[in-house]
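Data block below; observations after.
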Amino acid sequence: MEGKTYEEFTARYYGLCAIGGILSAGTTHVAMTPLDVLKVNMQVHPIKYYSISSCFTTLMKEQGPSALWRGWTGKFFGYGAQGGCRFGLYEYFKQVYSNMLVDQNRNLVYFLSSASAEVFANVALCPFEAIKVRVQAQPCFAKGLLDGFPKLYASEGIQGFYRGLVPLLGRNIPFSMVMFSAFEHSVDFLYRNVVKRKKEECSKAQQLGVTCLAGYAAGSVGSFISNPADNVVASLYNRKADSLVLTVRKIGLANLFTRSLPIRMLLVGPSITLQWFFYDTIKILVGLPTSGEVVTDLTGDEAG
């Protein structure tokens with residue numbers, strides 16, 4: 001641990017984690033903007049855009065290549081804010097709950113920490129998401145954040161920015177709980193059963209390789225869990241129905257789970273993988289260990 005520039009579990013450490021979350025989440029979500037545009041349009045206009053290929057070709061024909069990058073500013077600033085809260089506060093709450101729940105199952109700590117962090121993350125994200133979804137699905141609404149914010153406020157007031165907060169929480173809290181827990185368990189599994197060495201004995205490249213594999217597994221599982229609420233969010237923001245109950249009825253229970261699921265998995269899996277990769281790269285650059293707990297010694301003691 002010699003040469004470390006930041007001590008773990010200090011204010012500077014949590015600040016670094018938040019900055020890492022902002023940079024990793026903001027940049028990766030911008031890179032995934034074209035897939036996100038296809039996903040949102042398939043959710044909001046399922047009859048017109050009935051497949052990934054039809055959505056892509058129709059958008060290109062009617063609106064041109066620039067349509068695939070609509071809403072990128074909302075993704076950068078919105079998901080950057082979410083990522084800062086999600087990663088920074090997860091690290092903070094995990095330490096808090098670890099001290100409070102010493103003898104409890106680690107899953108409980110992971111679930112509580114991620115859920116607590118995600119509440120703050122979604123309050124930060126919600127106004128940006130409200131603009132982003134409209135910009136992507138309604139070409140005439142606005143060009144981006146600068147003209148989208150005043151237009152939405154003039155037409156719907158503050159309520160318009162937080163219309164989708166409840167389904168957003170319903171989407172992202174379960175996703176975050178599953179994602180962080182799956183990541184922690186995947187890291188532990190990979191070091192115990194694949195790498196078969198302690199984390200500190202591995203090279204930085206090997207540690208980042210474990211991070212990427214665990215991140216992809218976590219993102220893929222989380223995308224399936226959160227897909228129903230993601231469909232509801234897109235429909236509510238585009239006024240396809242005026243309430244949560246009516247939205248669910250209009251979409252249909254089966255469609256909640258299946259509509260846009262393949263493209264969502266294509267979008268979320270790589271996105272979460274890149275987020276964890278950039279996040280842990282930043283931690284390595286300042287001398288901190290990569291993310292994820294390894295309980296090899298504990299497991300070995302119990303097995304013996």
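On a predicted model such as this, the values are computed, not experimentally measured, just so you know.
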Practice task
Taking the side chain as every heavy atom from C-beta outward, state whether Val44 and Tyr49 have any atom pair closer than 4.5 Å.
Solution key: no

Problem - side chain to side chain contact (heavy atoms under 4.5 Å, CB included) involving Phe9 - partner list, sequence neighbours excluded - result: Tyr13, Tyr14, Gln95

Exercise for the section: Write down the atom of Phe128, the atom of Ala124, and the distance for their closest heavy-atom approach. Expected result: CD1-O, 3.4 Å

Practice task
Examine distances only and state if a side-chain atom of Asn107 and a backbone atom of Ser181 form a donor-acceptor pair shorter than 3.5 Å.
Solution key: no

Practice task
Please tell me if the side chains of Thr258 and Asn255 come closer than 4.5 Å, counting only heavy atoms from C-beta onward.
Solution key: yes

Exercise for the section: Give the cluster check for Val232 versus Val166: same hydrophobic cluster or not, with ILVMFWY residues linked at side-chain heavy-atom distances below 4.5 Å. Expected result: no

Problem - From CG (Leu168) to OH (Tyr162), nearest 0.5 Å - result: 10.5 Å

Handout entry: Contact summary for Ala229 and Pro167, nearest pair of heavy atoms
Key = CB-O, 3.6 Å

Problem - Whether His29 side chain and Ala25 backbone form a donor-acceptor pair below 3.5 Å - result: yes

Exercise for the section: Only counting residues at least two apart or in another chain, list the ones meeting ring-ring contact (aromatic ring centres under 6.0 Å, His included) with Phe161. Expected result: Phe149

Handout entry: 4.5 Å side-chain heavy-atom contact, Lys283 and Pro289
Key = no

Exercise for the section: Please check if Val268 and Leu261 belong to a single hydrophobic cluster, counting links between Ile, Leu, Val, Met, Phe, Trp and Tyr side chain heavy atoms closer than 4.5 Å. Expected result: no

Exercise for the section: Check the hydrophobic clustering (I, L, V, M, F, W, Y; side-chain heavy atoms under 4.5 Å; chains of links allowed) and say if Phe93 and Val119 are grouped together. Expected result: no

Handout entry: Greater than 12 external heavy atoms within 6.0 Å of Phe141's CZ
Key = yes

Problem - Side-chain donor-acceptor contact under 3.5 Å, Ser24 with Gln275 - result: no

Practice task
Verify the distance criterion only: is there a donor paired with an acceptor across the side chains of Ser116 and Tyr92 at less than 3.5 Å?
Solution key: no

Problem - For Phe180, all residues meeting ring-ring contact (aromatic ring centres under 6.0 Å, His included), sequence neighbours excluded - result: Phe87, Tyr90, Trp276

Handout entry: Ser235 versus Lys250, side-chain donor and acceptor atoms under 3.5 Å
Key = no

Practice task
Using the rule that two of Ile, Leu, Val, Met, Phe, Trp, Tyr join whenever any of their side-chain heavy atoms come within less than 4.5 Å, decide whether Leu35 and Met60 are in one cluster.
Solution key: yes

Fill in the blank from the handout: Lys199 meets the side chain to side chain donor-acceptor pair (under 3.5 Å) criterion, sequence neighbours left out, with none

Exercise for the section: For Gly74 and Lys132, work out which heavy atoms get closest and say how close. Expected result: CA-CB, 4.5 Å

Handout entry: Sidechain-backbone polar pair: Asn227 side chain, Leu256 backbone, donor-acceptor under 3.5 Å
Key = yes

Practice task
Apply side-chain contact (heavy atoms from CB on, under 4.5 Å) to the pair Leu125 and Asn172, showing each step before the final yes or no.
Solution key: CA-CA 11 Å; Leu125 167 66; Asn172 289 340; 3.9 Å; yes

Practice task
Look only at the side chain of Arg134 and the backbone of Ala130, and say whether a donor-acceptor pair between them is shorter than 3.5 Å.
Solution key: yes

Problem - Donor-acceptor contact present, side-chain Gln104 to main-chain Val109, <3.5 Å - result: no

Problem - Residues forming a side chain to side chain contact (heavy atoms under 4.5 Å, CB included) with Ala121, sequence neighbours excluded - result: Gln82, Cys85, Arg86, Glu118

Exercise for the section: Side-chain contact test, heavy atoms from C-beta onward, threshold under 4.5 Å: evaluate it for Ile284 versus Leu288 and give yes or no. Expected result: no

Problem - Exercise: identify the closest heavy-atom pair between Tyr279 and Gly20 - result: CD1-C, 3.8 Å

Practice task
Can you measure from CD1 (Ile272) to SG (Cys212) and round to the nearest 0.5 angstrom?
Solution key: 12.5 Å

Exercise for the section: Answer yes when Glu201 and Lys196 have at least one side-chain N-carboxylate O distance shorter than 4.0 Å, and no when they do not. Expected result: no

Handout entry: Presence of salt bridge, Arg106 and Glu293, under 4.0 angstrom
Key = yes

Exercise for the section: Would you indicate whether Leu146, at its atom CG, is surrounded by more than 12 heavy atoms from other residues, nucleotides or ligands within a distance under 6.0 Å? Expected result: no

Problem - Within one Ile-Leu-Val-Met-Phe-Trp-Tyr cluster: Val30 and Leu23, side-chain cutoff 4.5 Å - result: no

Exercise for the section: Check for a donor-acceptor pair, side chain of Asp147 on one end and backbone N or O of Lys143 on the other, with a separation under 3.5 Å. Expected result: yes

Exercise for the section: Please assess Ile225 against Phe175 for the test side-chain contact (heavy atoms from CB on, under 4.5 Å), listing each intermediate value before the final yes or no. Expected result: CA-CA 6 Å; Ile225 297 297; Phe175 171 82; over 6 Å; no

Practice task
Ignoring hydrogens and angles, tell me if any N or O in the side chain of Ser113 forms a donor-acceptor pair with the backbone of Tyr110 under 3.5 Å.
Solution key: no

Handout entry: Min side-chain heavy-atom separation Pro262-Met265 under 4.5 Å
Key = no

Exercise for the section: Output all residues satisfying side chain to side chain contact (heavy atoms under 4.5 Å, CB included) with Ala67, sequence neighbours left out; order by chain, then residue number. Expected result: Gln63, Arg70

Handout entry: Under 3.5 Å side-chain donor-acceptor pair for Asp36 and Gln136
Key = yes

Practice task
Rounded to the nearest 0.5 Å, what's the gap from CD1 on Ile173 to OG on Ser226? Could you check?
Solution key: 12.0 Å

Handout entry: Interatomic distance, Cys126 atom SG to Leu165 atom CG [nearest 0.5 angstrom]
Key = 4.5 Å

Handout entry: Working for side-chain contact (heavy atoms from CB on, under 4.5 Å), residues Val294 and Lys198
Key = CA-CA 8 Å; Val294 183; Lys198 294 181 179 180; over 6 Å; no

Fill in the blank from the handout: Here the pair of heavy atoms bringing Asn41 nearest to Val37 is ND2-O, 2.8 Å

Problem - Exam field: side chain Asp280 to backbone Ser291, donor-acceptor pair closer than 3.5 Å - result: yes

Practice task
Report yes if the side chains of Leu145 and Val135 come closer than 4.5 Å at any heavy-atom pair, otherwise no.
Solution key: no

Exercise for the section: Inspect the surroundings of CD in Gln159 and state if more than 12 heavy atoms from other residues, nucleotides or ligands are less than 6.0 Å away. Expected result: no

Fill in the blank from the handout: Minimal heavy-atom distance between Val40 and Ala137, with the atoms involved, is CG1-CB, 4.0 Å

Handout entry: Main-chain N/O of Glu184 paired with Asp188 side-chain donor or acceptor, under 3.5 Å
Key = no

Practice task
First locate atom OG1 of Thr73, then atom CD1 of Ile131, and finally report the distance between them rounded to the nearest 0.5 Å.
Solution key: 9.5 Å

Problem - Salt bridge Glu129-Lys75, side-chain N to carboxylate O under 4.0 Å - result: no

Exercise for the section: To the nearest 0.5 Å, tell me how far Leu68 CG sits from Leu38 CG. Expected result: 6.0 Å

Practice task
May I ask you to test the Lys39-Asp230 pair for a side-chain heavy-atom distance under 4.5 Å?
Solution key: yes

Handout entry: Lys48 side chain reached by Thr58 side chain, heavy atoms, under 4.5 Å
Key = yes

Problem - Main-chain N/O of Ser54 paired with Thr57 side-chain donor or acceptor, under 3.5 Å - result: yes

Practice task
Could you walk me through whether Tyr191 and Gln207 pass the side-chain contact (heavy atoms from CB on, under 4.5 Å) test, one step at a time?
Solution key: CA-CA 9 Å; Tyr191 279 110; Gln207 292 181 36; 3.5 Å; yes

